[in-house]
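As structure tokens, the structure follows; a few thoughts come after it.
Remember, it's 1-based here, ligands and their atoms both numbered in the order they're listed.
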Amino acid sequence: MHEIGVAVTGTGFMGPTHIEALRRLGIPVVGVMGSSPAKSAAFAERMNIPSAYADFDELLADPAVQAVHLTTPNRWHFETAKAALLAGKHVLCEKPLAMNSQESAELTELAASVNLAAGVNYNYRFYPICLDARERVRRGDLGDIYSIVGGYVQDWLLYPTDYNWRVLASEGGKLRAVADIGTHWLDLVQSITGLEVESLCADLYTVHTSRQRPTGEVETFSGKVQAVDATETIPIDTEDLGGVLLRFSNGARGQLWVSQMTAGRKNRLSFEIGGAEQALWFDGENPNELWIGQRSQPNGFLIKDPGLLGETARSYTAYLGGHAEGYPDSFKMCFKAFYDYIAAGDFAAPPFFPTFADGHREIVLCEAILKSHEEQRWIKL
Ligand code: SOE
């Protein structure tokens with residue numbers, strides 16, 4: 001499909017997810033880099049990928065690589081994204097883009113100065129139903145927006161014995177639930193409505209101030225199924241859950257709830273957008289459905305079907321009505337937007353994929369949320 005070779009860093013939960021989506025688009029994955037040369041080699045063999053790099057310099061020196069996907073723990077994003085852009089490679093980075101807003105600002109500036117694509121994987125934008133919601137809001141079906149509420153809740157860190165690198169501030173950043181999943185919600189509702197968060201007030205809670213860390217590694221989500229022999233007790237300084245009150249640029253009020261400790265909620269991103277004419281409600285555990293609330297007519301219920309979707313949503317839909325599309329498809333469609341942009345070759349055109357500027361904005365929001373929580377007051381952006 002595209003004359004491009006991709007290298008992927010990271011072999012955990014996200015690495016294989018990116019590789020699978022790239023392959024479904026017909027984009028060749030030419031090499032991988034794990035946290036050690038041995039891991040790179042074992043992963044390359046398992047995934048049938050031609051090159052296994054010992055380090056990032058080797059990856060960048062490979063002439064077969066034109067684009068790099070960064071799926072390592074967050075603390076490596078800044079350094080590798082910067083080096084890749086400077087080496088002339090397109091970059092698609094997992095969120096969050098960096099560990100703080102100084103780093104993300106520098107990356108955003110660098111990305112603006114080179115003729116390359118630089119994206120952050122806010123994949124949920126690409127559920128066809130979310131793209132359809134975007135079209136509905138933007139063409140005015142809802143009228144003026146008054147309220148935006150919802151949340152992102154999971155249960156994979158419910159027990160003090162649940163552990164993954166994301167719980168450590170040194171690996172993932174000072175905020176965890178907000179940065180890891182809350183930013184997906186913030187990115188999604190802002191990209192649907194075109195509104196920006198203007199001020200906020202946050203209250204966060206670390207329920208487990210210590211956790212049991214297995215002496216071996218545990219991949220994201222797999223603590224629930226992976227047998228563990230020995231553990232050690234470690235202090236935890238990142239939040240498990242919390243709430244944020246929001247004010248948007250048009251005056252709309254909002255509320256975000258995040259938790260990685262709500263039993264039974266596996267990966268539930270939901271929003272309800274209320275306007276003067278209609279409301280929309282979406283539950284990411286049923287991503288092929290959109291509820292359309294009306295006051296003076298019966299409510300509506302849209303099931304994903306290309307024949308019923310708006311034009312943009314349809315162009316990011318691969319399967320017919322009644323054939324569900326889900327989490328892996330959202331990666332595929334986010335990458336489609338990224339590689340279509342590269343193929344078009346006009347790097348001055350506004351991209352449809354989430355950019356480094358969007359990633360930077362999310363980190364600025366995270367820092368405001370942390371400050372608000374620490375100082376227990378409203379913060380203006
Ligand atoms: C873990 O909370 C995680 O894998 C996030 O890091 C992803 O961004 C989210 O899509 C699913 O949950």
Side-chain angles (χ1 to χ4, degrees), residues 9-21 69-77 92-99 119-127 130 150-159 162-169 171-189 191 204 206-208 211 217-226 236 238-242 256-271 282-287 325-335 353-354 358-359 362-363 365-366:
T9 68
T11 58
F13 177 37
M14 281 299 110
T17 311
H18 280 237
I19 290 166
E20 183 189 291
H69 284 227
L70 304 173
T71 79
T72 52
N74 310 344
R75 79 185 158 102
W76 298 106
H77 291 177
L92 199 288
C93 186
E94 259 308 323
K95 37 77 5 204
L97 176 57
M99 294 287 270
V120 181
N121 187 37
Y122 283 110
N123 54 298
Y124 293 111
R125 284 191 193 189
F126 287 87
Y127 277 139
C130 292
Y152 198 155
V153 288
Q154 304 174 325
D155 72 1
W156 68 288
L157 291 172
L158 179 59
Y159 303 135
D162 291 325
Y163 174 83
N164 169 258
W165 62 263
R166 290 170 203 274
V167 304
L168 300 179
E171 294 287 310
K174 283 188 193 159
L175 281 180
R176 187 226 312 159
V178 170
D180 185 36
I181 52 177
T183 58
H184 271 303
W185 187 91
L186 288 163
D187 176 77
L188 183 61
V189 301
S191 87
L204 311 176
T206 305
V207 179
H208 297 313
R211 284 179 182 264
E217 247 178 71
V218 184
E219 297 300 356
T220 307
F221 280 97
S222 62
K224 295 199 254 186
V225 289
Q226 195 170 315
I236 298 296
T238 55
E239 84 288 358
D240 292 309
L241 51 90
L256 161 65
W257 179 252
V258 291
S259 169
Q260 292 180 309
M261 295 191 47
T262 303
R265 295 298 187 203
K266 304 304 171 190
N267 193 45
R268 187 174 198 238
L269 187 171
S270 63
F271 64 74
F282 169 79
D283 169 4
E285 287 187 338
N286 295 304
E325 283 172 69
Y327 185 71
D329 302 273
S330 67
F331 284 70
K332 177 181 156 194
M333 291 305 173
C334 185
F335 301 168
F353 58 84
D358 296 323
E362 289 302 320
I363 293 177
L365 277 172
C366 282

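When only modelled atom types and interatomic distance are considered, Gln260 and Asp180 share a side-chain donor-acceptor pair under 3.5 Å.
Between Tyr152 and His184, the angle of the ring planes lies from 30° to 60°, which puts this pair in the tilted group.
The side-chain heavy atoms of Leu70 and Glu94, taken from C-beta on, include no pair separated by under 4.5 Å. With a 4.5 Å cut-off on side-chain heavy atoms, Asn121 and Leu92 count as touching.
When the shell of 6.0 Å around CZ of Phe13 is examined, it contains more than 12 heavy atoms from other residues, nucleotides or ligands.
The existence of a salt bridge linking Arg176 and Glu239 is excluded, since no basic side-chain nitrogen approaches an acidic carboxylate oxygen closer than 4.0 Å.
Pocket lining of ligand 1, defined as residues with a non-hydrogen atom under 4.0 Å away: Phe13, Lys95, Tyr124, Tyr152, Gln154, Trp156, Arg166, Asp180, Ile181, His184, Thr220, Phe221, Gln260, Asn267, Tyr327.
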